[in-house]
Amino acid sequence: MEVIGGPASYSLATKIAKKLNAKYVKANIHIFADGESKITISHKPRGKVIVVNSTYPPTDSNLIHTFSIIDKAKKSASSIVAIIPYLGYLRQDIAFLPGEVVTSKVIAESFSAVGTSQIITIDAHSEIALSYFKIPIKNVSAINKLAQYCKKLNLENPLVVAADFFWSANAKKFADILSTDSIAINKQRDPNTGKLHIISPKMTDLKGRDVIILDDMISTGMSIINATHLLKRQNCGKIYVCCSHGLLVNDAKRRIKNAGVEKIICTNTIPSTNSIVDVSDLLASAALSF
Ligand code: R5P
């Protein structure tokens with residue numbers, strides 16, 4: 001077995017290879033002046049090959065790199081397991097407005113077309129999007145890992161708050177690990193403007209209670225900032241934010257901090273200074289059981 005690390009995930013791929021006791025091979029990249037890229041894999045991969053590359057921004061470039069590595073490796077390997085720690089485009093799972101392309105379906109078909117045998121990802125955004133994949137796909141949860149990290153923070157009577165209703169079951173799971181309770185915010189997004197509308201859940205006074213806001217991903221940070229304002233109005237204690245995928249685009253990190261968040265905790269599906277929860281062992285054991 002060997003692990004090929006793509007440019008978006010060199011560090012995580014190295015960790016996965018170590019955990020699997022597998023050979024690590026780096027896929028080299030050269031970017032031309034016009035923005036096109038050339039990927040080189042300096043030998044012929046054989047047997048079961050694991051390709052690791054996340055598809056965070058620049059998402060389209062990282063997708064092209066991933067497809068190129070798989071396409072090349074498939075020519076000599078017997079099978080390709082693609083570990084895509086953050087699988088982008090899954091929010092585009094239906095046509096919200098007439099004429100919209102369902103891009104997650106295009107991505108699913110492209111993975112098959114380049115010869116992927118199986119896919120492993122973490123906390124995929126949408127079950128509908130996953131249903132478009134015609135190859136086996138394993139969706140691993142990072143909730144336990146994130147909760148174990150927060151358990152060590154010695155929080156004051158913590159309340160777990162799902163930033164979106166669709167993550168309320170995960171918030172409950174997270175809260176159970178901390179032996180506490182959870183609530184969920186109901187968030188609606190205008191399909192034309194993208195503007196968020198927050199429906200507050202029933203809340204008792206949060207005085208003296210620290211809060212953990214939980215979401216699958218943070219992109220612009222607006223969902224977290226809105227949730228923070230809502231919770232601060234209830235006199236809560238310190239606010240922590242936990243997510244699987246910290247996209248944290250533009251100055252999201254600064255704006256979240258300015259809103260009054262104590263700490264942003266993300267897994268290392270996307271590399272950044274906030275990626276403090278390592279999920280390499282989850283991904284390695286998922287690859288072993290395929
Ligand atoms: C959306 O449904 C997701 O679960 C996240 O809540 C969302 O993508 C976060 O985006 P932003 O940080 O831009 O509010």
Side-chain angles (χ1 to χ4, degrees), residues 54-60 62-63 84-97 100 102-104 107 121-132 139-143 146 160-174 182-201 211-232 239-267 269-270 272-275 277 279:
S54 234
T55 58
Y56 54 84
T59 310
D60 296 352
N62 283 329
L63 272 167
I84 316 296
Y86 169 67
L87 182 51
Y89 274 112
L90 300 195
R91 282 171 293 181
Q92 294 186 32
D93 55 357
I94 55 167
F96 294 94
L97 295 171
E100 279 184 5
V102 181
T103 314
S104 58
I107 302 295
T121 190
I122 297 246
D123 291 322
H125 180 76
S126 155
E127 286 295 330
I128 299 173
L130 291 188
S131 73
Y132 300 139
N139 182 22
V140 181
S141 168
I143 289 297
L146 288 166
V160 181
V161 179
D164 199 337
F165 205 74
F166 91 107
W167 253 45
S168 46
N170 279 327
K172 162 97 178 66
K173 226 188 272 172
F174 193 111
S182 65
I183 55 171
I185 287 171
N186 198 350
K187 179 181 86 177
Q188 278 156 19
R189 203 180 281 272
D190 185 304
N192 287 300
T193 63
K195 214 169 167 243
L196 286 176
H197 175 59
I198 303 280
I199 302 160
S200 172
V211 169
I212 301 165
I213 307 175
L214 187 66
D215 210 344
D216 60 335
M217 69 180 90
I218 304 171
S219 180
T220 64
M222 272 327 290
S223 306
I224 296 297
I225 292 166
N226 285 337
T228 301
H229 290 157
L230 184 80
L231 293 158
K232 275 195 163 287
I239 299 182
Y240 293 78
V241 168
C242 250
C243 76
S244 305
H245 313 293
L247 295 160
L248 296 165
V249 299
N250 303 327
D251 61 345
K253 198 167 142 177
R254 186 184 57 78
R255 290 188 303 109
I256 292 171
K257 288 273 185 169
N258 286 349
V261 167
E262 194 74 16
K263 194 174 172 118
I264 306 168
I265 301 151
C266 316
T267 78
T269 59
I270 298 170
S272 85
T273 49
N274 297 85
S275 312
V277 175
V279 288

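As the structure lists them, so they are numbered: ligands from 1, and atoms in each ligand from 1. A quick note: this is a predicted structure, and the numbers were derived from the prediction, not measured.
Protein heavy atom nearest atom 5 (C) of ligand 1, with residue, atom name and distance: D215 OD2, 3.5 Å. The protein heavy atom nearest to atom 14 (O) of ligand 1 is S223 OG, 2.5 Å. The nearest heavy-atom contact from the protein to atom 7 (C) of ligand 1 is K187 NZ, 3.9 Å. Among protein heavy atoms, atom 13 (O) of ligand 1 sits closest to T220 OG1, 2.5 Å. In terms of protein heavy-atom proximity, atom 2 (O) of ligand 1 is closest to H125 CE1, 3.2 Å.
The closest side-chain heavy-atom distance from I225 to I256 is below 4.5 Å. Between D164 and D216, every side-chain heavy-atom pair lies at or beyond the 4.5 Å cut-off. The shortest distance between side-chain heavy atoms of L130 and L90 falls below 4.5 Å.
Close contacts between ligand 1 and R91 involve ligand atoms 8 (O) [criterion: under 4.0 Å to a heavy atom]. Residue M217 has at least one heavy-atom neighbour below 4.0 Å for each of these atoms of ligand 1: 5 (C), 8 (O), 9 (C). Proximity to R189 (heavy-atom distance under 4.0 Å) selects the following atoms of ligand 1: 10 (O), 14 (O). Numbered from 1 in the order shown, with element, the atoms of ligand 1 that lie under 4.0 Å from a heavy atom of D164 read 2 (O). When each atom of ligand 1 is checked for a heavy atom of D216 under 4.0 Å away, the hits are 3 (C), 4 (O), 5 (C).
The number of heavy atoms from other shown groups lying within 6.0 Å of CD (E127) does not exceed 12. Annotation: F165, atom CZ; neighbour count of heavy atoms from other residues, nucleotides and ligands within 6.0 Å does not exceed 12.
Using a 4.0 Å cutoff on heavy atoms, F166 counts as a contact of ligand 1. In this structure, G221 is part of the shell of residues with a heavy atom less than 4.0 angstrom from ligand 1.
Within the 3.5 Å criterion, the main-chain N or O of G88 finds no donor-acceptor partner in the side chain of H245.
A side-chain N or O of Y89 and one of D60 form a donor-acceptor pair less than 3.5 Å apart. Residues S272 and K253 have side chains that never bring a donor and an acceptor to within less than 3.5 angstrom of each other.
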